[in-house]
Amino acid sequence: MSTHGKPKSGAAIDALELLKADHEKVKSLFLEFESLRDNDDDDERKFELVDEICYELTLHSMIEEEIFYPMLRSVIDDDDLMDEADVEHAGMRDLISQLEVMYPSDDHFDATVTVLGEEMAHHIDKEERDMFDVALDSGLDLDELGERLAARKEELDEDLTAPPTPIDAMEPHNNARRTPRPPD
Ligand SMILES: [Fe+2]
């Protein structure tokens, strides 16, 4: 028997709305952590919060890296923008892997969470200010992309090791796919 997660709720969410909702969720978790930062009595809640932050960021970055980033990269001419996002995700993964073996009582636990929160705030800001504008003009079907992101997120939420479906061609509406420059 497979009920496959939560029931679908009618209106589909577009890709940028979905990613923004993820950003808001993670930002509010970091805010709650900061409100407890210097409170050593609340280690249990801190542990839960960091567990949730790491999980949410992992799911979010997986759907971006598997689907959103490669689709966008294939239709825009801005490798720097996409490369920087990749590097920021790598930095995030490094901090998450440190936190996964730490406890709130450990040295540098609070500092590691705070640095992760600061780096994510910068990353989220850049995505929403620069990358999302580019995505809006890219010709990608953001509704269809949103459905794909939501479906993959649901799949990963059930099984984080579920293999990704290869990205098939999803042609942009009005933007020519970049063609490689022939050698001189
Ligand atoms: Fe991201």
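Counting starts at 1 for both ligands and their atoms, in listed order.
At least one N, O or S atom of H89, from either the backbone or the side chain, sits less than 2.8 Å from the Fe ion (ligand 1).
A donor-acceptor contact shorter than 3.5 Å is absent between the side chain of D106 and the backbone of F109.
Partner L142 forms a side chain to side chain contact (heavy atoms under 4.5 Å, CB included) with one of L149, L18, L16 and no other, that one being L16. For the side chain to side chain contact (heavy atoms under 4.5 Å, CB included) with I124, the lone residue among K20, H60, K27 that qualifies is K27.
Taking the Fe ion (ligand 1) as reference, the nearest N/O/S atom within E127 carries the name OE2. Nearest N, O or S atom of E64 to the Fe ion (ligand 1): atom OE1.
At a cut-off of 3.5 Å, with distance as the only test, a side-chain donor of H23 or E127 sits close to an acceptor on the other residue.
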